[in-house]
Amino acid sequence: MSEAAETKPRVKLLKYNAVAMWRYTFHNEKCGICRTHITQRCLDCVSAGNDVSECKLAWGRCGHCFHVHCIQKWLKTTHTCPMCSQVWEAERITGHNAADEDDSDDEM
Amino acid sequence: MATNVRTRRLMKELSTIRKDAALGTLDPILTLEPVSDSLDTWTATIKGPDDSAYSGFVFKLSINIPSQYPMTPPEVRFVTKIFHCNVHFSSHEICLDILKSTWTPAWSLQHVVRAIHLLMGAPEPDSPLNCDAGNLLRAGDKRAHDSMVRLICSRYAERLQPEK
Ligand SMILES: [Zn+2]
Ligand SMILES: [Zn+2]
Ligand SMILES: [Zn+2]
């Protein structure tokens with residue numbers, strides 16, 4: 001009746017995966033909405049053929065950055081940051097050249 | 001006729017998936033690819049989590065991409081029949097928060113499939129779509145639960161082929 005209990009090593013693979021996902025969310029060189037690098041135009045602007053100067057970046061108080069065009073579409077449904085789910089508060093709007101200086105601030 | 005933003009974003013996701021597959025970092029996902037060039041429908045196959053009764057079997061998922069993607073979540077269901085408290089036993093619908101209320105466009109199809117893999121190993125019996133499975137877990141009868149899981153797996157799921 002009592003079969004030999006299987007003593008499988010309980011490898012916690014679950015945790016490994018969870019870590020991989022969190023790492024992604026802190027990694028914000030790409031717009032988390034359209035997945036284009038934030039030094040480039042958003043996908044809407046690529047489709048419309050707009051110049052990069054027309055595609056501004058929105059920086060949230062939480063530290064995450066998106067194309068203004070992308071975050072505006074998302075904020076119509078939910079007023080939270082797509083990366084960290086905090087209430088979205090825009091801190092500043094910049095052009096694309098501001099992206100480089102902010103990359104180095106990442107460690108803060 | 002604006003070239004579809006949704007399509008462009010899916011193309012980016014596909015190239016990431018292909019890179020990960022080439023690097024061998026797609027595991028536990030075996031495959032994740034569009035069914036047709038339109039990218040409207042995708043399929044995925046995943047391994048059952050090692051630390052679970054689903055271990056040793058392969059599970060197939062179907063993924064429908066809504067027109068508003070990535071502003072709205074993909075619709076994912078199991079193709080392979082599975083005994084799991086958060087998966088409807090007949091419709092194969094999945095109850096997972098990121099597929100509904102907590103979806104954000106920061107998630108990708110690959111993240112979604114990984115989250116489903118996690119859910120397989122960590123069922124949530126308090127929001128069951130399969131009450132039989134949920135009741136067994138809530139009653140603490142993991143042994144009966146797991147033997148039911150393996151019975152359904154052996155009947156409906158493909159066995160994982162050992163790697164060459
Ligand atoms: Zn964007
Ligand atoms: Zn733009
Ligand atoms: Zn944020």
Side-chain angles (χ1 to χ4, degrees), chain A residues 1-3 5-6 8-28 30-37 40-50 60 62 64-67 69-86 88, chain B residues 1-17 20 25-29 46-56 68-73 97-98 100-123 143 146-147 150:
Chain A
M1 194 174 131
S2 64
E3 289 170 28
E6 285 181 272
K8 282 202 281 183
R10 297 197 125 236
V11 181
K12 282 278 173 196
L13 249 183
L14 300 176
K15 272 196 178 139
Y16 170 78
N17 281 331
V19 168
M21 279 196 265
W22 278 111
R23 259 172 81 206
Y24 177 79
T25 57
F26 289 123
H27 181 246
N28 195 196
K30 284 183 182 175
C31 169
I33 297 172
C34 70
R35 292 187 180 260
T36 303
H37 202 279
Q40 296 170 353
R41 295 173 294 173
C42 76
L43 292 183
D44 282 297
C45 286
V46 172
S47 297
N50 295 337
C62 58
H64 292 123
C65 172
F66 306 92
H67 298 107
H69 297 141
C70 294
I71 191 75
Q72 276 174 344
K73 274 201 284 182
W74 172 244
L75 295 178
K76 278 184 207 157
T77 47
T78 317
H79 210 87
T80 56
C81 171
M83 305 298 277
C84 64
S85 300
Q86 296 182 57
W88 174 260
Chain B
M1 192 192 81
T3 314
N4 210 324
V5 172
R6 165 178 171 270
T7 305
R8 286 182 197 272
R9 150 113 184 199
L10 288 165
M11 296 289 281
K12 280 177 185 286
E13 291 198 35
L14 186 57
S15 84
T16 307
I17 291 162
D20 285 342
T25 53
L26 206 55
D27 191 80
I29 302 170
I46 50 175
K47 297 179 191 171
D50 288 342
D51 190 19
S52 76
Y54 306 99
S55 172
Q68 294 305 306
Y69 183 83
M71 297 300 153
T72 57
D97 56 356
I98 63 152
K100 305 208 165 72
S101 56
T102 62
W103 168 260
T104 93
W107 290 85
S108 67
L109 296 180
Q110 188 180 150
H111 290 133
V112 165
V113 173
R114 286 183 188 279
I116 290 167
H117 180 261
L118 290 180
L119 179 71
M120 287 175 76
R143 195 176 159 154
D146 286 358
S147 68
R150 277 189 290 263

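What you see is a predicted model; the values in this text were computed from it and never measured. Naming convention: chains lettered A, B, ... in sequence-line order (proteins, then strands); numbering from 1 in each chain.
The part of A/Cys70 that comes within reach of chain B is its backbone (N, CA, C, O), which places non-hydrogen atoms under 4.5 angstrom from that chain. When heavy atoms are compared at a cutoff of 4.5 Å, B/Thr72 does not approach chain A at all. With a 4.5 angstrom heavy-atom cutoff, B/Glu13 touches chain A only via side-chain atoms. For a residue to count as touching a neighbouring chain, one of its non-hydrogen atoms must lie under 4.5 Å from one of that chain's; by this rule A/Thr80 does not touch chain B.
At least one side-chain heavy atom of A/Val46 sits less than 4.5 Å from a side-chain heavy atom of B/Arg8.
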| task | Decide yes or no on side-chain contact (heavy atoms from CB on, under 4.5 Å) for B/Arg6 and A/Leu43, but give the supporting numbers first. | result | CA-CA 9 Å; B/Arg6 165 178 171 270; A/Leu43 292 183; over 6 Å; no
| task | Please report the C-alpha distance between B/Gln68 and A/Thr77 in whole Å, then the side-chain angles of each, then the deciding distance to 0.1 Å, and finally whether the side-chain contact (heavy atoms from CB on, under 4.5 Å) criterion is met. | result | CA-CA 12 Å; B/Gln68 294 305 306; A/Thr77 47; over 6 Å; no
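Contact between B/Trp103 and A/Trp74 at its shortest, heavy atoms only, is O-CH2, 3.2 Å. Of all the heavy atoms in A/Pro82 and B/Thr104, the pair that sits closest is O-OG1, 2.6 Å. Contact record, A/Arg35 with B/Ala106: NH2-O, 2.7 Å, taken as the closest heavy-atom pair.
To the nearest 0.5 Å, the span separating NZ on A/Lys76 from CE on B/Met71 amounts to 8.5 Å.
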